[in-house]
2 protein chains.
Amino acid sequence: MSSAPSFKRLPRAVREQQMLDAAVKVFSRRGFHAASMDEIAEDAGISKPMVYAYLGTKEELFVACLHREGTRMTEAIAGAAAPELPADERLWRGLRAFFGFVGAHRDGWAVLYRQARGEQPFAGELAAMRARLVEVVAGMLDHALRAEGREIAGTELEVVAYALVGASESLADWLADHPEADPERTATRMMNVAWLGADQLLNGVTWRPPAG
Amino acid sequence: MSSAPSFKRLPRAVREQQMLDAAVKVFSRRGFHAASMDEIAEDAGISKPMVYAYLGTKEELFVACLHREGTRMTEAIAGAAAPELPADERLWRGLRAFFGFVGAHRDGWAVLYRQARGEQPFAGELAAMRARLVEVVAGMLDHALRAEGREIAGTELEVVAYALVGASESLADWLADHPEADPERTATRMMNVAWLGADQLLNGVTWRPPAG
DNA sequence: GCGTAACCTTACGCACGAGTAGGTATGCTC
DNA sequence: GAGCATACCTACTCGTGCGTAAGGTTACGC
């Protein structure tokens, strides 16, 4: 009424981002199925048919969220962990970028890893993203190994990488649930667990189950 | 008609277990929301009102699944990791029990960790269970530390425990998705990552971020 | 052998939410 | 300032699936 024209006409690109913002927010709070297109539309300050016109069905909308958040995250990590750095430096920067991202985009993280994992149609999409991450970590470990003239079987390496990625995801959840926690500090803690364990492994130290 | 009375009347306790079996199966395949009470009833070989009569609403049914699977798992682990054993032995037996359980109850695992995590009403329930696990692991680490006359701040310890639990969960997912994989072998791999890293930490070795 | 309680069914009400039909307003181009 | 494309809305349809009402049937105590 007074000054602000509460309903301005906006170009498509802008509205799409607003919708995605709202969708990420609502999906993260309610979960895929419990989230309603009406609530998303309302939260975006727009009516429902607009959402359908721009982003398509509910599934397509969720995939769009997944893609945007996933791309942001992988780019943040890839941008930080330059391949020419030594392995521990790379790992450290990657972890710092990762936890920094989660700390700054808690909703996005929730959508990516808490929702997509459970819902059948999207699990594959998410698994592919995670697989790329695992591959990167495995590559780092392999690189470090070869630099020392050592070697480990591919599967073995992959499983170790998987464990490290899993540990990071778990700490990311912890971070998302503790708003007061510091991402940088969390990254340091993860680095401790990951690097010390990995370092041992790289140096040929292995644990063996007791006989019997 | 002929010989097998396909619809035998069964006592409540038996039917309830059949219903829970069916529910775990359907929930794990479809996810909480996509699963329908009709399908669960049909899969249990019973009609829908019986499910409501015995286990209550859909939410209550899911909680019942969560409880049964969760109890089975924690008991399996607790039974294996006796407190009087040395720390590494305890960790090893706990991990072996854990991966053994996941390998044998893939559906239950899917319900517990892939579904419950995302759905709002149950996330708390699940978080509580995981918190108990983290506490146990943290307790083990603390015990091992004190035996060597060392000490670490409580939060620090908890975060390390959290990371280890997360890594285990992640490998459990990997195991659930690779039916050909051996639980025992997976446990060994996890033990390698966990114990070597933890051992370093316990011995006072820490990684520090580079200056700047 | 008969009542009664527990087991089990078919068949429905009802709410909620995905997706759409059809129409209005606003800015942009010439 | 006419015409057109694009942004945007209100108000619906319709499927799906939770939860229930009301009534059949089998076992078991006495």
Side-chain angles (χ1 to χ4, degrees), chain A residues 1 4-66 115 118-122, chain B residues 1-23 25-65 115 118-122:
Chain A
M1 292 297 155
S6 55
F7 277 105
K8 191 90 194 277
R9 275 168 99 87
L10 292 174
R12 176 170 184 151
V14 176
R15 271 279 134 85
E16 278 183 347
Q17 290 308 311
Q18 290 180 350
M19 290 176 188
L20 286 175
D21 290 342
V24 166
K25 191 167 141 194
V26 175
F27 280 137
S28 76
R29 259 213 302 274
R30 307 245 191 255
F32 175 73
H33 275 280
S36 82
M37 293 296 268
D38 291 278
E39 184 178 356
I40 291 171
E42 185 184 343
D43 198 291
I46 216 72
S47 75
K48 194 167 51 158
M50 288 306 299
V51 182
Y52 280 89
Y54 283 176
L55 279 324
T57 76
K58 194 181 182 185
E59 288 207 353
E60 289 167 343
L61 174 60
F62 190 85
V63 169
C65 292
L66 215 57
Q115 302 302 328
E119 310 290 342
Q120 271 311 326
F122 317 114
Chain B
M1 293 286 161
S2 51
S3 57
S6 56
F7 278 104
K8 192 96 196 269
R9 278 167 99 85
L10 292 174
R12 176 168 185 151
V14 176
R15 275 282 192 254
E16 277 183 347
Q17 290 308 311
Q18 290 180 350
M19 290 176 188
L20 286 176
D21 289 342
K25 191 167 141 194
V26 175
F27 279 138
S28 75
R29 258 214 302 274
R30 307 245 188 255
F32 174 73
H33 275 280
S36 83
M37 293 297 268
D38 291 277
E39 185 178 355
I40 292 172
E42 184 185 331
D43 198 290
I46 215 75
S47 75
K48 194 167 52 160
M50 286 308 300
V51 182
Y52 281 90
Y54 283 174
L55 279 324
T57 76
K58 193 181 182 185
E59 289 208 353
E60 289 167 342
L61 174 59
F62 191 85
V63 170
C65 292
Q115 302 303 327
E119 311 289 344
Q120 271 311 325
F122 317 115

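So you know, we letter chains A, B, ... as the sequences are listed, proteins then strands, and number each from 1.
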(request) When you get a sec, tell me which of D:dC9, D:dC18, C:dA18 is the closest nucleotide to the side chain of A:S36? (result) C:dA18

(message) Check whether A:E60 reaches the backbone of A:T57 with its side chain - one donor and one acceptor, N or O, closer than 3.5 Å.
(response) yes

(message) Quick check: on DNA chain C, is the nucleotide nearest B:P11 upstream (toward 5') of the one nearest B:P49, or the reverse? Name the residue that is more 5'.
(response) B:P11

(request) Find the distance A:I40:CD1 to C:dG17:C1' and express it as a whole number of Å. (result) 12 Å

(message) Quick check on C:dA6: is either OP1 or OP2 less than 4.0 Å from any side-chain nitrogen or oxygen of B:R15?
(response) no

(message) What is the distance, to the nearest angstrom, from the CD atom on A:E39 to the P atom on C:dG19?
(response) 16 Å

(request) State whether B:K48 and B:E42 are salt-bridged, where the test is any N-O pair (Lys NZ or Arg NE/NH1/NH2 against Asp/Glu carboxylate O) under 4.0 Å. (result) no

(request) Identify the heavy atoms of B:Q115 and B:F62 that sit nearest to each other, and give their distance. (result) CB-CZ, 4.0 Å

(request) For B:A41, answer base if it contacts any base atom (sugar-phosphate contacts may also be present), sugar-phosphate if it contacts only those atoms, and nothing otherwise; contact means non-hydrogen atoms under 4.0 Å. (result) nothing

(request) Return the nearest nucleotide to the side chain of A:R9; candidates are D:dT6, D:dA21, C:dT20. (result) D:dT6

(request) Using the side-chain contact (heavy atoms from CB on, under 4.5 Å) rule, pick out the option among B:V51, B:L10, B:I40 that qualifies with B:I46. (result) B:V51

(request) Could you check how far CG of B:L61 sits from P of D:dG19, rounded to whole Å? (result) 10 Å

(request) Go through D:dG19, D:dC9, C:dT10 for me and flag the one nearest to the A:S47 side chain. (result) D:dC9

(request) Rounded to the nearest angstrom, tell me the gap between atom CD in A:E42 and atom C1' in C:dG17. (result) 14 Å

(message) If I take atom CD1 in residue A:I46 and atom C1' in nucleotide D:dT10, what distance separates them, rounded to the nearest angstrom?
(response) 14 Å

(message) Can you tell me if B:Y54 touches the phosphate of C:dC7, counting only side-chain N or O atoms and a distance under 4.0 Å to OP1 or OP2?
(response) yes

(request) Indicate, with a heavy-atom threshold strictly under 4.0 Å, whether A:A34 touches base, sugar-phosphate, or nothing. (result) nothing

(message) Nearest whole Å is fine: how far is D:dT6 C1' from A:M50 CE?
(response) 9 Å

(message) Rounding to an integer number of Å, can you tell me how far B:E16 CD sits from C:dA6 P?
(response) 14 Å

(request) Could you check which of C:dC8, C:dA18, D:dT20 has an atom nearest any side-chain atom of A:K48? (result) C:dA18

(message) Let's see if you can work this out: which of C:dA18, D:dC8, D:dC18 has an atom nearest to the side-chain heavy atoms of A:L10?
(response) D:dC8

(request) Output the single nucleotide from C:dT9, D:dC8, C:dT20 whose closest atom is nearest the side chain of A:Y52. (result) C:dT20

(message) Closer than 3.5 angstrom, by distance alone: can the side chain of B:K58 be matched with the main-chain N or O of B:F32 as a donor-acceptor pair?
(response) yes

(request) Measure from NZ on A:K58 to C1' on C:dT20 and round the result to the nearest Å. (result) 17 Å

